[in-house]
**Q** 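Let me give you the structure first, and then I'll get to my questions.
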Amino acid sequence: MSEFFLIIISAIFVNNIVLAQFLGICPFLGVSNKLSTATGMSGAVCFVITLATVVTYLVNQYLLVPFKLEFLQTIAFILVIAALVQLVEIVLKKISPSLYQALGIFLPLITTNCAVLGVAITVVTKQFTFSGGEPHLFNLGEATIYAFATSLGYALAMVLFAGIREHLALNNVPKSFKGLPIALITVSIMAMAFLGFSGMVK
Amino acid sequence: MSKLGLITKGFIKENPTFVLVLGMCPTLATTTSAVNGLEMGLATMFVLILSNIVISLVAPIVPDKVHIPVYIVIIATFVTVLQLLMQAFVPEVYKTLGLFIPLIVVNCIVLGRAEAFANKNTVLDSALDGIGIGIGFTLSLTVIGIIREILGSGSVFGAKFIPGDGVLAFVMAPGAFLVLGYLMVLFNKFAKK
């Protein structure tokens, strides 16, 4: 149980996917102008990252590894993710039109969000160690928790940043700083704040 | 546009990092030192040139409805080729760049050039475009890498010329965002006219 807790804290705060691992920066900078769109995007990302990680984990475990096809990981994973996003879109449209309306425009964008592929590859290749145990690959349960917590970290960074950016838009900044440069400098300060969490979990 | 113009436009006018603002993840993550930035740029350039060539060849026969999945598979194939080559010949480099080599698949620069250029131009022009944008990307990554290495560890390409420890923050995450932000300010001020 304590290991799950450590995975969650580590994935949300210590190794925040945006502010420490630099994954999913493009949508992070692209759709964080308004708090409402940022919330919508975060929801879609949480959903897809968790689902995609579970599916790619199973594909890797029961299809690629037994047939010694690990070198096809990159191709297999991106195809699975692309198909999955399409599937989620179709299913949502039928089952929950209101949720589809809310997430709608963000779903197709997620295929090329490197956070999704990044997390999927990380959980099947990187050996983790928590609470001082031997470094080991995640099992399915840990992988799912890790993926969900990571996407929560993404949502946290995204929503915080969108809130700051809404205020930033009203301020008078020098012409050359307008838009992305001042946004990047703001992210830098946020990343510095998140550095304060490092060392909390080994 | 002249053939030379196709190559040089990637350096400043259509610089992928500072003007098009594409491929931010590897730009921020792998530029901890000048060498790492350079290597990441070259790896991306390899995929960019080859995928541009093949996509310009197959574009006329690919149905419009499925063109994105087809392009992604082509790009993923070259990324896998690159992964295998790097594991065989430069395993050390492959280890340092790590996750960001497979992530070239979702680098918006590669798919962006396929969509914006390679699918409606000739093979030669697409190859030149790949070379130009690739060099532009490599240049910006190397510049960011040099600045972060000087500030972070007081050396350039591993040659130490400032004694003592640097500002560690520049090697870590905050420095990446800060250096890129200020470089963009300079770029806006002087180059984007």
Side-chain angles (χ1 to χ4, degrees), chain A residues 15-30 71-79 81-83 86 108-122 125-126 173-195 198, chain B residues 17-19 21-32 68-69 72-84 87 98-112 168-170 172-192:
Chain A
N15 291 312
N16 186 283
I17 185 156
V18 179
L19 301 170
Q21 297 185 51
F22 304 110
L23 291 174
I25 304 279
C26 293
F28 178 72
L29 293 172
F71 69 95
L72 284 180
Q73 241 166 30
T74 314
I75 298 184
F77 282 18
I78 190 71
L79 283 178
I81 290 168
Q86 203 90 64
L109 282 176
I110 292 177
T111 312
T112 52
N113 184 339
C114 58
V116 183
L117 186 62
V119 173
I121 294 179
T122 306
T125 51
K126 197 173 162 195
V173 292
K175 193 166 157 280
S176 314
F177 281 82
K178 275 228 163 68
L180 270 185
I182 190 73
L184 280 166
I185 292 164
T186 311
V187 184
S188 161
I189 297 168
M190 273 176 79
M192 225 173 279
F194 269 72
L195 263 189
S198 64
Chain B
T17 308
F18 298 116
V19 181
V21 199
L22 293 173
M24 285 294 109
C25 304
T27 308
L28 292 163
T30 59
T31 51
T32 46
I68 297 269
I72 289 185
V73 174
I74 293 172
I75 296 167
T77 311
F78 284 120
V79 171
T80 308
V81 170
L82 175 74
Q83 278 180 286
L84 294 175
Q87 276 168 342
L99 184 60
F100 287 91
I101 294 297
L103 284 185
I104 295 176
V105 180
V106 281
N107 187 325
C108 0
I109 295 176
V110 185
L111 194 61
L168 188 62
F170 278 100
M172 294 166 84
F177 290 111
L178 199 65
V179 169
L180 184 63
Y182 274 103
L183 276 177
M184 256 182 203
V185 172
L186 290 178
F187 206 86
N188 283 346
K189 187 117 187 118
F190 297 113
K192 226 183 194 174

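Letters A, B, ... mirror the listed sequences (proteins, then strands); counts begin at 1.
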**Q** Quick one: pull up SG in A:Cys26 and CG in B:Asn107 and give me the separation to the nearest 0.5 Å.
**A**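 Answer rounded to 0.5 Å: 7.5 Å.
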
**Q** Supply the atom-to-atom distance A:Ile121 CD1 to B:Phe100 CZ, rounded to the nearest 0.5 angstrom.
**A**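 Spacing of CD1 (A:Ile121) from CZ (B:Phe100) equals 10.5 Å.
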
**Q** Applying side chain to side chain contact (heavy atoms under 4.5 Å, CB included) between A:Cys114 and each of B:Cys108, B:Cys25, B:Pro102, report the one that passes.
**A**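 Testing each of B:Cys108, B:Cys25, B:Pro102 against A:Cys114, the sole residue satisfying side chain to side chain contact (heavy atoms under 4.5 Å, CB included) is B:Cys25.
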
**Q** Where does A:Gln21 contact chain B at under 4.5 Å (heavy atoms): side chain, backbone, both or neither?
**A**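 Backbone of A:Gln21 only, per the 4.5 Å heavy-atom cut-off to chain B.
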
**Q** Sort A:Ala82 into side chain, backbone, both or neither according to what part of it lies under 4.5 angstrom from a heavy atom of chain B.
**A**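 Neither part.
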
**Q** Using non-hydrogen atoms only, which part of B:Val21 is less than 4.5 Å away from chain A: side chain, backbone, both, or neither?
**A**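 Contact with chain A involves the side chain of B:Val21 alone.
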
**Q** Can you tell me how far the CG atom of A:Leu184 sits from the CG atom of B:Leu180, to the nearest 0.5 Å?
**A**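 So the CG of A:Leu184 and the CG of B:Leu180 are separated by 5.0 Å.
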
**Q** Where does A:Ile182 contact chain B at under 4.5 Å (heavy atoms): side chain, backbone, both or neither?
**A**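 Neither part.
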
**Q** Report the distance from atom OG of A:Ser188 to atom CZ of B:Phe170, rounding to the nearest 0.5 Å.
**A**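 With rounding to 0.5 Å, OG (A:Ser188) is 8.0 Å from CZ (B:Phe170).
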
**Q** Check each of A:Leu117, A:Leu23, A:Val119 against B:Leu99 using the side chain to side chain contact (heavy atoms under 4.5 Å, CB included) test, and report the only one that passes.
**A**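 Of the listed residues A:Leu117, A:Leu23, A:Val119, the side chain to side chain contact (heavy atoms under 4.5 Å, CB included) partner of B:Leu99 is A:Leu23.
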
**Q** Name the region of A:Ile75, side chain, backbone, both or neither, that has any atom closer than 4.5 Å to a heavy atom of chain B.
**A**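 Both parts, backbone and side chain.
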
**Q** Please classify the contact between B:Ala29 and chain A as side chain, backbone, both or neither, with a heavy-atom cut-off of under 4.5 Å.
**A**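 Both backbone and side chain.
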
**Q** So which of B:Leu183, B:Thr27, B:Thr77 has the largest heavy-atom pair count under 4.5 angstrom toward chain A?
**A**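 Highest number of pairs under 4.5 Å: B:Thr77.
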
**Q** What distance separates A:Leu72 CG from B:Gln83 CD, expressed to the nearest 0.5 Å?
**A**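 It is 10.0 Å, given to the nearest 0.5 Å.
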
**Q** Check whether A:Leu195 gets within reach of chain B through its side chain, its backbone, both or neither, counting any heavy atom under 4.5 Å.
**A**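 Just the side chain, heavy atoms under 4.5 Å.
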
**Q** Measure distances from B:Leu178 to the heavy atoms of chain A and classify the residue's part below 4.5 Å as side chain, backbone, both or neither.
**A**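 Answer is both: backbone and side chain atoms of B:Leu178 are under 4.5 Å from chain A.
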
**Q** Tell me, side chain or backbone of B:Leu84 under 4.5 Å from chain A's heavy atoms, or both, or neither?
**A**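 Side chain only.
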
**Q** Kindly assign one of parallel, tilted or perpendicular to the pair B:Phe177 and A:Phe22, based on the angle between their ring planes and the thresholds 30° and 60°.
**A**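 Answer is tilted, since the angle falls between 30° and 60°.
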
**Q** Please classify the contact of B:Val79 with chain A as side chain, backbone, both or neither, using a heavy-atom distance under 4.5 Å.
**A**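 Side chain only.
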
**Q** To check you understand the geometry: which heavy-atom pair defines the closest contact between B:Gly181 and A:Pro181, and what is its length?
**A**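 Here B:Gly181 and A:Pro181 meet closest at O-CB, 3.7 Å.
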
**Q** If I take atom OG1 from residue A:Thr74 and atom CG from residue B:Leu103, how far apart are they, to the nearest 0.5 angstrom?
**A**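 Spacing of OG1 (A:Thr74) from CG (B:Leu103) equals 8.5 Å.
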
